[in-house]
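Since the structure comes first, as structure tokens, the remarks are kept for the end.
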Amino acid sequence: MILVFAELNNGSFKKASFEAIAYASQLAAKINTQVCALVLGETSDAASLSAYGAHKIIQVADARLNNVETKAYAKAIVHVASQENANVIVFSNNITAKAVAPRVAAKLKAGLVAGAISLPDVSNGFVVKKSVFAGKAFAFVQVSSNVKVISITPNSFPVQKAEVPTNVVPQTIEFAANDFAVKVDSVNKVSGIVPLSEAELVVSGGRGLKGPENWGILEDLGSSIGATLACSRPVADSHWRPHHEHVGQTGGTIRPNLYIAVGISGAIQHLAGVNSSKTIVVINKDPEAPFFKAADYGVLGDAFEILPKLTESFKKFKAAQNA
Ligand SMILES: Cc1cc2nc3c(=O)[nH]c(=O)nc-3n(C[C@H](O)[C@H](O)[C@H](O)COP(=O)(O)OP(=O)(O)OC[C@H]3O[C@@H](n4cnc5c(N)ncnc54)[C@H](O)[C@@H]3O)c2cc1C
């Protein structure tokens, strides 16, 4: 059995959970087994996972699991993995998995590959491909333990539908009081925007935009195509933009279909977080800017002249499509 942790966000599944189930479903077909999805927390959507290839869905609908609780999550996943005889456990490699997957692997004495980017090669053992050195190289990791834990890089594996008729099986786990070490008093959420980790379109600004008062032109560009905003580190360090928008070695790692970098030089530490983007467009007025070497498309010129024109063109294009 392959166990997939299908993470919830406010009672709804993250896109990354569907990716993880689709990944598990294709791996299951390769190694001739089935997929069990595990849902921790309350939702009425659990049954929807069968559309992505889960043969069995187990839900621990305990309200205490509605917020991420690493110790309790690890306990529940280990319990269900043992009960279902899971030999592979799949996560999406997000912030929750970074805290939970190593605990699960340690408890099950399992080998862990964090950040897989393709299906394992099972022709000779169990070899998982992952990016290393900030996306500059690939590692092929042979996992020889009986139980294997894999976390897949978000956006590296497409969501695929594969309807399997199944029911949701409710399950209770006996938790101890000290499994819940964190008390959440309040949660402030940014609404209406696709989070950076899940965004397919990202528009990002750097120090070339000169100051926070100029972010309006970047926001206009972003909203013309429905993109999420990001920024370079000095921009966040200078409090021009909030820290959750900072991408790179010390910020978020993203993998959108389109990354438009405006007024960003393309330092190696910035590239570390964005160079797995499928298409990179760089707008910079310096022909020597290192980012041009990593770009699929480069626009040489002043962002303050180019952005309004680009936004206008996107708007016209959209209007023509909707006409
Ligand atoms: C340990 C460490 C970790 C780091 N981690 C990160 C990280 O996670 N993320 C990150 O981003 N950085 C990180 N950095 C910083 C990184 O090295 C760079 O300093 C930073 O990325 C530069 O930001 P920038 O490109 O916005 O600014 P700059 O380097 O100042 O570049 C601004 C760019 O804007 C262009 N420009 C100026 N005016 C215009 C205009 N009108 N129109 C168009 N283009 C214009 C310029 O030609 C230039 O290329 C880290 C550094 C260290 C040492």
Side-chain angles (χ1 to χ4, degrees), residues 1-94 96-97 100-101 103-105 107-108 110 116 119-120 122 146-152 154-155 157-176 179-180 198:
M1 183 69 93
I2 300 178
L3 183 69
V4 184
F5 171 49
E7 190 178 358
L8 289 167
N9 180 16
N10 241 359
S12 305
F13 289 106
K14 295 184 168 185
K15 176 181 150 226
S17 299
F18 302 134
E19 290 172 0
I21 294 177
Y23 179 93
S25 157
Q26 295 196 25
L27 176 58
K30 266 182 145 194
I31 60 174
N32 205 14
T33 185
Q34 295 207 322
V35 176
C36 173
L38 174 61
V39 183
L40 300 179
E42 296 172 310
T43 178
S44 50
D45 273 354
S48 67
L49 297 178
S50 64
Y52 301 90
H55 301 92
K56 183 170 184 181
I57 302 163
I58 295 178
Q59 182 178 12
V60 184
D62 186 325
R64 293 173 296 174
L65 300 173
N66 290 352
N67 290 310
V68 176
E69 275 284 358
T70 50
K71 212 171 158 194
Y73 275 27
K75 187 174 202 170
I77 295 167
V78 167
H79 182 94
V80 174
S82 308
Q83 165 193 301
E84 298 299 317
N85 256 331
N87 45 4
V88 183
I89 302 163
V90 177
F91 291 82
S92 175
N93 190 28
N94 57 19
T96 308
V100 177
R103 283 175 184 260
V104 169
K107 288 194 172 157
L108 294 173
L119 280 172
V122 291
N146 284 341
V147 181
K148 299 155 178 72
V149 178
I150 305 175
S151 64
I152 62 167
N155 272 345
F157 206 81
V159 170
Q160 275 167 7
K161 293 230 166 181
E163 187 71 50
V164 182
T166 184
N167 292 323
V168 178
V169 181
Q171 172 141 5
T172 310
I173 306 269
E174 293 297 324
F175 291 110
D179 287 331
F180 298 91
E198 298 188 16

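Because only heavy atoms are used, hydrogens play no part in the values below, and waters and symmetry mates are left out as well, while side chains stay in.
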Compare every heavy atom of [Y] with every heavy atom of [X], then report the nearest pair and how far apart it is.
X	Y	result
A37	L49	CB-CD1, 3.8 Å
S92	P154	OG-CG, 3.8 Å
I152	A20	CD1-CA, 3.8 Å
E42	L8	O-CD1, 3.8 Å
N146	K148	O-NZ, 3.5 Å
A22	Q160	CB-N, 3.6 Å

Measure the shortest side-chain to side-chain distance between [X] and [Y] over non-hydrogen atoms and say whether it is less than 4.5 angstrom.
X	Y	answer
V88	L3	no
M1	N85	no
I150	I89	no
V149	F91	yes
K15	N155	yes
E163	S50	yes
V4	Y23	no
L108	V78	yes

(request) Test D179 against E69 for side-chain contact (heavy atoms from CB on, under 4.5 Å), laying out the working first. (result) CA-CA 8 Å; D179 287 331; E69 275 284 358; over 6 Å; no
(message) If only side-chain N and O atoms count, and only distance matters, is there a donor-acceptor pair under 3.5 Å linking S17 with E7?
(response)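 Judged by distance alone, the side chains do not pair up.
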(message) For K56 and N167, which I'm curious about, is there any donor-acceptor pair between the side chains at under 3.5 Å?
(response)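 Side chains of K56 and N167: no pair found under 3.5 Å.
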(message) Please verify the inter-ring angle class for F18 with Y52; under 30° counts as parallel, over 60° as perpendicular, anything in between as tilted.
(response)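 Parallel.
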Whether the side chain of [X] engages the backbone of [Y] through a donor-acceptor N/O pair (distance < 3.5 Å, no angle test) should be reported.
X	Y	result
H55	V35	yes
Q59	G41	yes
K14	A6	no
D45	F13	no
S151	N93	no

(request) For the pair I31 and I2, evaluate side-chain contact (heavy atoms from CB on, under 4.5 Å) and give the outcome as yes or no after the intermediate values. (result) CA-CA 10 Å; I31 60 174; I2 300 178; 4.1 Å; yes
(message) Set out, in order, the CA-CA distance, both residues' side-chain angles and the distance that settles side-chain contact (heavy atoms from CB on, under 4.5 Å) for F157 and Q26, then state yes or no.
(response) CA-CA 11 Å; F157 206 81; Q26 295 196 25; 3.9 Å; yes
(request) Decide side-chain contact (heavy atoms from CB on, under 4.5 Å) for N66 and L40; before the verdict, give the C-alpha distance in whole Å, the side-chain angles of both, and the deciding distance to 0.1 Å. (result) CA-CA 7 Å; N66 290 352; L40 300 179; over 6 Å; no
(request) Would you please name every residue forming a ring-ring contact (aromatic ring centres under 6.0 Å, His included) with Y73, sequence neighbours left out? (result)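 For Y73, the residues satisfying ring-ring contact (aromatic ring centres under 6.0 Å, His included) (neighbours in sequence not counted) are F5.
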(message) My understanding is that only residues two or more places apart in sequence, or in another chain, count here; which of them pass side chain to side chain contact (heavy atoms under 4.5 Å, CB included) with Q171?
(response)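 By the side chain to side chain contact (heavy atoms under 4.5 Å, CB included) rule, Q171 matches I58, V60, H79, V80, Q83, I173.
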